[in-house]
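Each remark here refers to the structure printed beneath this line.
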Amino acid sequence: MTRRTVLVTGASRGIGAETARVLGAEGAHVFVNYREKAKRADQVVGEIAAAGGSATAVRADLTDRAAVNAMVRDIRASHGHLDAVVLNASGGMERAAAPGYALALNRDAQTGTLDAALPLMTAPGRVVFVTSHQAHFHGTGETRETYAQYEAVAHSKRAGEDALRARIPGLSARGVDLVVVSGDMIEGTITVTLLDRARPGTLDARRARAGTLPTVGEFAAAVANAVSAPFETGHTVYVGGTDYLAGSAKR
Ligand SMILES: NC(=O)c1ccc[n+]([C@@H]2O[C@H](COP(=O)([O-])OP(=O)(O)OC[C@H]3O[C@@H](n4cnc5c(N)ncnc54)[C@H](OP(=O)(O)O)[C@@H]3O)[C@@H](O)[C@H]2O)c1
């Protein structure tokens with residue numbers, strides 16, 4: 001049997017890396033995308049191989065269209081096709097980020113990566129967009145904590161989700177589904193550590209309100225599951241944060 005092939009963007013650390021490990025353990029060939037941390041990406045590839053799986057590190061800053069096209073060319077040359085793409089890479093809180101970077105990465109690079117990868121995708125295909133509750137529920141007018149440091153990220157990731165959802169008719173015509181996985185703050189991630197450092201008490205306040213927060217392992221398991229679970233296109237998987245969900249009709 002040929003292995004399923006999956007591209008996971010931003011898989012050199014955190015949730016993307018763990019998702020890649022889970023998919024590798026399930027028997028997929030995983031393309032571990034990273035922006036610049038080659039050593040970390042190689043380590044993820046090595047861990048997948050050591051566990052009996054198969055993976056390749058593929059470098060591309062997703063905001064660089066030429067780099068994305070080159071990455072997709074390499075994937076085509078080595079494996080010919082993709083069964084799934086996990087759009088996990090995200091950013092915008094970096095201190096040196098240029099104005100507009102959050103939108104460039106979290107919206108434009110998501111659709112750009114999809115456009116580049118789509119010709120390699122075979123039906124039935126699956127695109128999984130990874131987001132946060134703060135982004136998914138952004139602009140719904142409900143009372144939520146969106147922290148000033150995260151505002152541009154939340155806005156741009158919601159814009160990215162909307163742009164991807166707008167592609168559903170075209171994707172369906174090609175036999176490709178879109179599933180969104182949205183998570184509460186995830187324990188132990190660098191983003192949450194940075195938020196808590198910038199605004200001390202953030203994490204404790206969230207824990208007090210939400211109870212137990214999901215771990216990286218739990219969130220990554222949900223993301224990996226969304227790659228092949230029989231969800232209808234447009235479905236959203238929620239991980240943690242039941243207070244966000246109460247009474248909300250937002251998809
Ligand atoms: N952290 C949370 O609490 C939380 C909660 C809910 C949802 N999420 C979502 O889960 C996803 C992963 O979050 P995380 O906390 O694991 O992220 P993270 O630790 O900040 O990792 C980001 C990953 O994205 C890559 N990346 C950043 N900019 C890139 C670019 N321009 N091109 C290509 N790759 C790029 C990084 O690669 P390099 O290492 O090479 O720079 C790294 O592998 C995000 O979509 C996030 O919104 C996170």
Side-chain angles (χ1 to χ4, degrees), residues 7-21 31-45 57-68 70-71 85-94 96-98 100-110 112-113 116 128-138 145-147 149-150 152-161 164 180-196 202-203 206-207 210 213-224 226 236-241 244:
L7 167 64
V8 182
T9 66
S12 54
R13 74 177 196 198
I15 292 150
E18 187 56 20
T19 301
R21 288 185 201 101
F31 289 98
V32 174
N33 162 255
Y34 66 101
R35 175 186 47 175
E36 58 181 11
K37 301 290 190 297
K39 264 193 188 164
R40 282 201 214 135
D42 286 344
Q43 194 179 329
V44 175
V45 166
V58 284
R59 180 176 196 156
D61 179 335
L62 301 183
T63 63
D64 178 345
R65 197 59 67 90
V68 171
M71 172 179 74
V85 175
V86 179
L87 295 170
N88 165 82
S90 182
M93 282 175 62
E94 300 86 344
Y101 178 72
L103 270 174
L105 176 56
N106 299 328
R107 182 191 60 192
D108 304 340
Q110 307 302 315
T113 302
V128 177
F129 178 63
V130 183
T131 191
S132 63
H133 289 354
Q134 286 196 52
H136 179 73
F137 291 102
H138 187 264
E145 314 97 323
T146 302
Y147 310 106
Q149 295 81 0
Y150 194 75
V153 178
H155 168 77
S156 58
K157 284 183 75 76
R158 180 67 228 187
E161 181 177 338
L164 289 168
V180 173
V181 183
S182 181
D184 199 350
M185 283 187 182
I186 307 298
E187 286 281 4
T189 57
I190 290 172
T191 307
V192 167
T193 304
L194 291 177
L195 262 181
D196 199 57
T202 298
L203 196 45
R206 186 68 204 130
R207 284 194 195 109
L213 298 179
T215 63
V216 170
E218 287 164 349
F219 193 45
V223 175
T236 305
V237 177
Y238 295 101
V239 182
Y244 275 93

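Numbers here simply count residues along the sequence, with the first being 1. Counting convention: from 1, in listed order, for ligands and their atoms alike. Reckoned from all heavy atoms, side chains included, excluding hydrogens, waters and symmetry mates.
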Subject >> Residues Glu187 and Arg207 bridged, charged N to O under 4.0 Å >> reply: yes
Original post:
atom 37 (O) of ligand 1: which of Ser12, Gly16, Ala67, Ser90 has the nearest heavy atom?
Top reply: Ser12
Subject >> Nearest-contact summary for atom 9 (C) of ligand 1 - protein heavy atom, Å >> reply: Val130 CG1, 3.8 Å
Original post:
Can Ala11 be said to touch ligand 1, with heavy atoms closer than 4.0 Å?
Top reply: yes
**OP:** Specify the closest pair of heavy atoms between Ala11 and Val44, including all atoms of both residues, with the distance to one decimal.
**Re:** O-CG2, 3.7 Å
Original post:
Is there a side-chain contact (heavy atoms from CB on, under 4.5 Å) between Tyr150 and His155 once you walk through the steps?
Top reply: CA-CA 9 Å; Tyr150 194 75; His155 168 77; over 6 Å; no
Original post:
For the side chain of Glu161 and the backbone of Ala159, is there at least one donor-acceptor N/O pair under 3.5 Å apart?
Top reply: no
Original post:
With no hydrogens and no angle check, is any side-chain donor or acceptor of Lys157 less than 3.5 Å from a backbone partner on Val130?
Top reply: yes
Original post:
Can you tell me which residue and heavy atom of the protein come closest to atom 5 (C) of ligand 1, and the distance to 0.1 Å?
Top reply: Asp184 O, 3.2 Å
Original post:
Of all the heavy atoms in Val239, does at least one lie under 4.0 Å from an atom in ligand 1?
Top reply: no
Original post:
Taking atom OG1 of Thr9 and atom CZ of Phe129, what is their separation to the nearest 0.5 Å?
Top reply: 9.5 Å
Original post:
How close does the nearest protein non-hydrogen atom get to atom 32 (N) of ligand 1, and which residue and atom is it?
Top reply: Leu62 N, 2.9 Å
Original post:
Counting only heavy atoms, which portion of Phe129 has something under 4.0 Å from ligand 1: side chain, backbone, both, or neither?
Top reply: neither
**OP:** List every atom of ligand 1 that sits less than 4.0 Å from any heavy atom of Ser132, numbering the atoms from 1 in the order shown and giving each element.
**Re:** 6 (C), 7 (C)
Original post:
Which atoms of ligand 1 have any heavy atom of Lys37 under 4.0 Å away?
Top reply: 38 (P), 39 (O), 40 (O)
Subject >> Atoms in ligand 1 flagged as close to Phe219, the criterion being non-hydrogen separation under 4.0 Å >> reply: 7 (C), 8 (N), 10 (O)
Original post:
Of the protein's non-hydrogen atoms, which lies at the shortest distance from atom 46 (C) of ligand 1, and what is that distance?
Top reply: Lys157 NZ, 3.9 Å
**OP:** Give the numbers and elements of all ligand 1 atoms closer than 4.0 Å to a heavy atom of Gly14.
**Re:** 16 (O)
Original post:
So between Arg13, Arg59, Arg35, whose heavy atom ends up nearest atom 35 (C) of ligand 1?
Top reply: Arg35
Original post:
Should Leu164 and Arg107 count as side-chain neighbours, where that means a heavy-atom distance under 4.5 Å?
Top reply: no
Original post:
Can you tell me which residue and heavy atom of the protein come closest to atom 3 (O) of ligand 1, and the distance to 0.1 Å?
Top reply: Ile186 N, 2.8 Å
**OP:** Output yes when the distance from some N or O of ligand 1 to some N or O of Thr63 is under 3.5 Å, and no in every other case.
**Re:** no
Subject >> Proximal atoms of ligand 1 relative to Met185 (non-hydrogen, under 4.0 Å) >> reply: 3 (O)
Subject >> Closest protein heavy atom to atom 33 (C) of ligand 1, given as residue, atom name and distance to 0.1 Å >> reply: Ala60 O, 3.3 Å
Subject >> Whether Ile190 lies under 4.0 Å from ligand 1, heavy atom >> reply: no
Original post:
Which ligand 1 atoms does Tyr101 reach within 4.0 Å, using its non-hydrogen atoms?
Top reply: 28 (N), 31 (N)
**OP:** Would you mind finding which of Thr191, Val44, Thr189, Ile15 brings a heavy atom closest to atom 48 (C) of ligand 1?
**Re:** Ile15
Original post:
Of Ser182, Ala89, Gly240, Gly188, which has the heavy atom at the shortest distance from atom 26 (N) of ligand 1?
Top reply: Ala89
Subject >> Residues Phe137, Arg158; criterion side-chain contact (heavy atoms from CB on, under 4.5 Å); working and verdict >> reply: CA-CA 8 Å; Phe137 291 102; Arg158 180 67 228 187; over 6 Å; no
Subject >> For Gly183, atoms of ligand 1 separated by under 4.0 Å from a heavy atom >> reply: 6 (C)
Original post:
Picking from Val68, Asp108, Leu87, what satisfies side chain to side chain contact (heavy atoms under 4.5 Å, CB included) with Leu62?
Top reply: Val68
Subject >> Main-chain N/O of Gly10 paired to Asn88 side chain as donor or acceptor, under 3.5 Å >> reply: yes
Subject >> Any Val128 side-chain heavy atom under 4.5 Å of Val223 side chain >> reply: yes
**OP:** Take His133 and Val239, measure what side-chain contact (heavy atoms from CB on, under 4.5 Å) needs, and give me the verdict at the end.
**Re:** CA-CA 9 Å; His133 289 354; Val239 182; 5.6 Å; no
Subject >> Main-chain N/O of Pro214 paired to Asp184 side chain as donor or acceptor, under 3.5 Å >> reply: no
Subject >> Contact check, Asp61 vs ligand 1, heavy-atom distance below 4.0 Å >> reply: yes
Original post:
Hey, does the side chain of Asn106 reach the backbone of Gly160 with a donor-acceptor pair shorter than 3.5 angstrom?
Top reply: no
Original post:
Can a non-hydrogen atom of Val153 be found less than 4.0 Å from any atom of ligand 1?
Top reply: no
Original post:
For ligand 1, does Asn88 get within less than 4.0 Å through its side chain, its backbone, both, or neither, judged by non-hydrogen atoms?
Top reply: both
**OP:** Give the residue, atom name and distance (to 0.1 Å) of the protein heavy atom nearest atom 7 (C) of ligand 1.
**Re:** Thr131 O, 3.1 Å
Original post:
Between Tyr238 and His136, does the ring centroid distance fall short of 6.0 Å?
Top reply: yes
Subject >> Step-by-step side-chain contact (heavy atoms from CB on, under 4.5 Å) determination, Ile15 to Ile186 >> reply: CA-CA 9 Å; Ile15 292 150; Ile186 307 298; 4.1 Å; yes
**OP:** List the closest protein heavy-atom neighbour of atom 24 (O) of ligand 1: residue, atom name, distance to the nearest 0.1 Å.
**Re:** Gly10 CA, 3.3 Å
Original post:
Which ligand 1 atoms does Val192 reach within 4.0 Å, using its non-hydrogen atoms?
Top reply: 3 (O)
